[in-house]
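Shown next, in structure tokens, is the structure this report addresses.
We name chains A, B, ... by the order of the sequence lines, and we start the count at 1 in each one.
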Amino acid sequence: MTTPKTDSPRDAKTGPRDFIREIVDEHNRTGRFDRRVHTRFPPEPNGYLHIGHAKSICLNYGLAAEYGGKFNLRMDDTNPEKEEQEYVDSIIEDVRWLGARWVGIRDDEPSAGVIWGSNYFDQMHAWAIELIKKGKAYVCDLSAEQVSRGRGTLTTPGQASPYRDRPIEENLDLFERMRTGEVPDGTKTLRAKIDMAHPNLNLRDPVMYRIVHATHHNTGDKWCLYPMYDWAHGFEDSLEGITHSICTLEFENHRPLYDWFIDAVNEGRTDDGSGPWGNKIHHPQQIEFARLNLTYTVMSKRRLLELVKSGLVCGWDDPRMPTISGMRRRGYPPEALREFCRRIGVSKVESTVDIALLEHCVREHLNKVAPRVLGVLRPLKLVIDNYPDDGVEWMEAINNPEDVSAGSRYVPFSKVLYIEQDDFRETPPPKYWRLYPGNEVRLRYAYFVKCTGCVKDAAGNVVEVHCTYDPATRGGDSPDGRKVKSTLHWVSAAHALAVEVRLYDHLFTKPDPDDVSDDALRAAGDGAAPAEPKPGFAAGDWKGNLNPDSLEVINPAWLEPSVADAASGARYQFERHGYFCVDKDSHERLAAGGSPANVAAGLRTGRRTPAISRCHTDVAADPRVGRSQPGARRLVFNRTVTLKDTWAKIEKKL
RNA sequence: UGGGGAUUAGUGUAACGGUAGCACAACUGACUCUGGAUCAGUUAGCCCAGGUUCGAAUCCUGGAUCCCCAGCCA
């Protein structure tokens, strides 16, 4: 418990210092940006946000909050061909849910305060004309392929475009024609005149504008001339007065260009506006950090989109996805995501964080706040032979041992219960403390029971366990002080609520989904049996590492009746199992005596692999479902994360 | 073979010339009406080689390895 000297007030609260905070401190020391801190999160609305974006949001918003600065949410929408309103909406919802508060945010209007990069198109266009007039940009007639060939290679310089020295007036005229729409897509671009021999390829006369005749989600058909990211992004930051333009490592090579564009505009401008071009524009500082990678999942938007489009998952918010919406649906609390982002830190080292840390943060938070309930996933009938046939007692159960203020509830107890199949063994392995003939255990909040035997079906499966109870142990304590090694959870068969439970596991079977070495081994024909079949996937395909057991649906599972009215999104701990939350699919009413209609939520018709794409139950699998609760609500629970399971580890080693 | 980054226990992250620390994971044990939680403990690290220095993860030199860049994507 050594406490390092904390010179900075931030140390304790916000975790370790990182290189970005050091840079900001330095700027504040030297007075650059007048001690102002203004950050932003600038997603392109071409997909849903994932946990990697959460890292960026927490960093950017956290910085602004810590330093008393401002934070903008801006859609970087410069490519009308890939961007959609659905993505805009999801991004706004996710950022808000994570807890980031941007300038102008309001609760009554989701998009209030959200900034669109496309709203700066007029200003950027004016600056482009300015660069043409300064002799720093030209209209190029080369095709995409010709531009590419002329760029040279990593080790050889590029060739100047034949249009490089076009007269300014001609450039101006052509650029205007590009804007008005008379120039077809792909035939002309506006390029910056920098240096075709520059060792940084980004400075070999990069394209500033291309022609795209497409309808933009925000500006409609106003433009057919669209700015490239490199040209647009720095100005978006500049116009908003962003001080620290924080982005990921792959943009490090672009920083010189980002700086060049702003310097080019500022040439001939002065602080007091006395120059020929007026006032200087703001020049933010770009800082790059390493993006987040997580084990057992993929993080690129391209791959996530591929999973969604191919139907291998049930949409962007599939609880197995590393998307913010998927994690929300899975039951991950925003507090856990924020804590995770705080703990992983920020650096320039490309790294892959163990998903166990994320799961730890989820458990840590849920342990403190989630009410406990009893639920049996794989039922085994337990009959208490010496209990009255029609007896029912309501046992008091603590809602949350971590939080006394959470109070208690009452759970019905009767002669016939369900316990977990795993909690009985006819012949117990070593260190097995649960129910087996002759052994006494405690039923949580109820009684001590002693196993007297079991009943098997024709196939030899245990279908029923019998026991006797000790009435003196009511509530779970023995007056004579005798101990039991184990406490089991249970539900009263007559009172239990039938629900659907979806058990999720990692999306991939390997920490690194790109590890396709198994395929190579198979291809080499070394005789080793493949670890698992990969139906439908080519050798070497990362999708071949998808976990076929990433979703298991249990229907019915049996819960204590107190959760009958649980709201969608409500989170619980099912004791001894894990944390679960009510899925949004929980909305239908059960028809009297019938089975729940199937909600094909997120069902896609695309190519599917069994198990991977199974998004829901096909029908009520058990005729008992709904049997006693006509008109009751269908309840679907997602397993957010399991509890740590020491016994599973012991059993594995046996 | 060009340019730009990076390298500290299994993983992630501190150290700013002065005892290599923290978290997760793993493993022990204690405790427990959740084999949960909690508590205590253990294992385990400076990419390599030189140099400067009383002293180097830190400064210098050389090397190795990994990542990014040749979209009219971002």
For the P atoms, the ones on B/U52 and on B/G3, what distance do you get once it is rounded to whole angstrom? 30 Å
Please give the distance between the P atoms of B/G2 and B/G62 as a whole number of Å. 15 Å
When all nucleic acid strands are considered with a 4.0 Å heavy-atom cut-off, which category describes A/R372: base, sugar-phosphate, or nothing? base
Return the 5'-most residue of the pair A/V212, A/L358 with respect to RNA chain B, ranking by each residue's nearest nucleotide. A/L358
Can you check the distance between B/U65 and B/C47, where both ends of the measurement are the C1' atom (answer in whole Å)? 8 Å
For B/G71, decide between syn and anti, treating a glycosidic angle within 90° of 0 as syn. syn
Measure from the side-chain heavy atoms of A/R444 and tell me the nearest of B/U34, B/C24, B/A74. B/U34
Just call it for A/S148: base, sugar-phosphate, or nothing, with non-hydrogen atoms closer than 4.0 Å on any strand. sugar-phosphate
If B/G17 has a Watson-Crick or G-U wobble mate with both distances under 3.5 Å, name it; if not, just say none. none
When the distance from NZ of A/K510 to P of B/G10 is rounded to whole Å, what number comes out? 22 Å
B/G35 versus B/U58 - spacing of their P atoms, nearest Å: 50 Å
Assigned partner base of B/G55, Watson-Crick or wobble definition, under 3.5 Å: none
Kindly say whether, by distance alone, the side chain of A/R434 makes a donor-acceptor pair under 3.5 Å with the base of B/G35? yes
Counting side-chain heavy atoms from CB outward, which of B/A74, B/G12, B/G36 is closest to A/T646? B/G36
Record whether the side chain of A/E402 comes under 3.5 Å of the base of B/G36 through a donor-acceptor pair of N or O atoms. yes
Flag the pair A/R482 and A/D480 as a salt bridge only when some basic side-chain nitrogen lies within less than 4.0 angstrom of an acidic carboxylate oxygen. yes
Distance test, side-chain N/O of A/K649 to OP1/OP2 of B/C27, below 4.0 Å: yes
Member of A/E288, A/Q286, A/Q285 meeting the side-chain hydrogen bond (donor to acceptor under 3.5 Å, both in side chains) criterion with A/R255: A/E288
From B/G12, B/C24, B/C72, nucleotide with atom closest to A/V353 side chain: B/G12
Sidechain N-carboxylate O distance under 4.0 Å for A/E560, A/R409: yes
Among B/U13, B/C72, B/C73, which nucleotide sits nearest the side chain of A/K82? B/C73
Nucleotide nearest A/D18 (side chain, heavy atoms from C-beta), chosen from B/G35, B/C72, B/A14: B/A14
Regarding A/Y226, tell me which of base, sugar-phosphate or nothing describes its non-hydrogen contacts under 4.0 Å with the strands shown. nothing
Identify whether any heavy atom of A/F448 sits under 4.0 Å from a base atom; if not, whether one sits that close to sugar-phosphate; answer base, sugar-phosphate or nothing. nothing
Give a yes or no on whether a donor-acceptor pair under 3.5 Å exists between the nucleobase atoms of B/U34, that is its base, and the side chain of A/Q573. yes
Select from A/Y579 and A/Y445 the residue whose nearest nucleotide in RNA chain B is closer to the 5' end of that strand. A/Y445
Who is the Watson-Crick or G-U wobble partner of B/A6, with both distances under 3.5 Å? B/U65
A/V449, A/V411, A/D423 screened by side-chain contact (heavy atoms from CB on, under 4.5 Å) with A/W490, the one that passes: A/V411
Please determine if A/E240 and A/R40 form a salt bridge, counting it only when a charged side-chain N lies under 4.0 Å from a carboxylate O. no
Under a 4.0 Å N-O cut-off, is there an ion pair linking A/R342 with A/E339? yes
Looking only at atom P, what distance separates B/G29 and B/U43, rounded to whole Å? 16 Å
Any side-chain to backbone donor/acceptor pair from A/Q573 onto A/P371? Under 3.5 Å, distance only. no
Closest listed nucleotide, where the reference is the side chain of A/Y432 and the choices are B/G12, B/C24, B/G35: B/G35
With the side chain defined as heavy atoms from C-beta on, A/P199 is closest, among B/G2, B/C73, B/C69, to B/G2
From B/G5, B/G35, B/G36, nucleotide with atom closest to A/K644 side chain: B/G36
Partner nucleotide of B/A26 by Watson-Crick or wobble geometry (both distances under 3.5 Å): B/U42
I'd like to know if A/N253 reaches the base of B/G3 with its side chain, counting only an N/O donor and acceptor under 3.5 Å. yes
Got a donor-acceptor contact below 3.5 angstrom from the A/R191 side chain to the A/P206 backbone? no
If I pick the C1' atom on B/A70 and the same atom on B/G63, what distance separates them, to the nearest angstrom? 28 Å
Provide the distance between the two C1' atoms, one in B/A64 and one in B/G50, to the nearest whole Å. 14 Å
Establish whether the base of B/U13 is bridged to the side chain of A/R343 by a donor-acceptor pair shorter than 3.5 Å. no
Can you check the distance between B/A23 and B/G45, where both ends of the measurement are the C1' atom (answer in whole Å)? 15 Å
Between CG of A/D645 and P of B/A26 the distance, given in whole Å, is 12 Å
Mind checking who B/G71 pairs with, Watson-Crick or G-U wobble, both distances under 3.5 Å? none
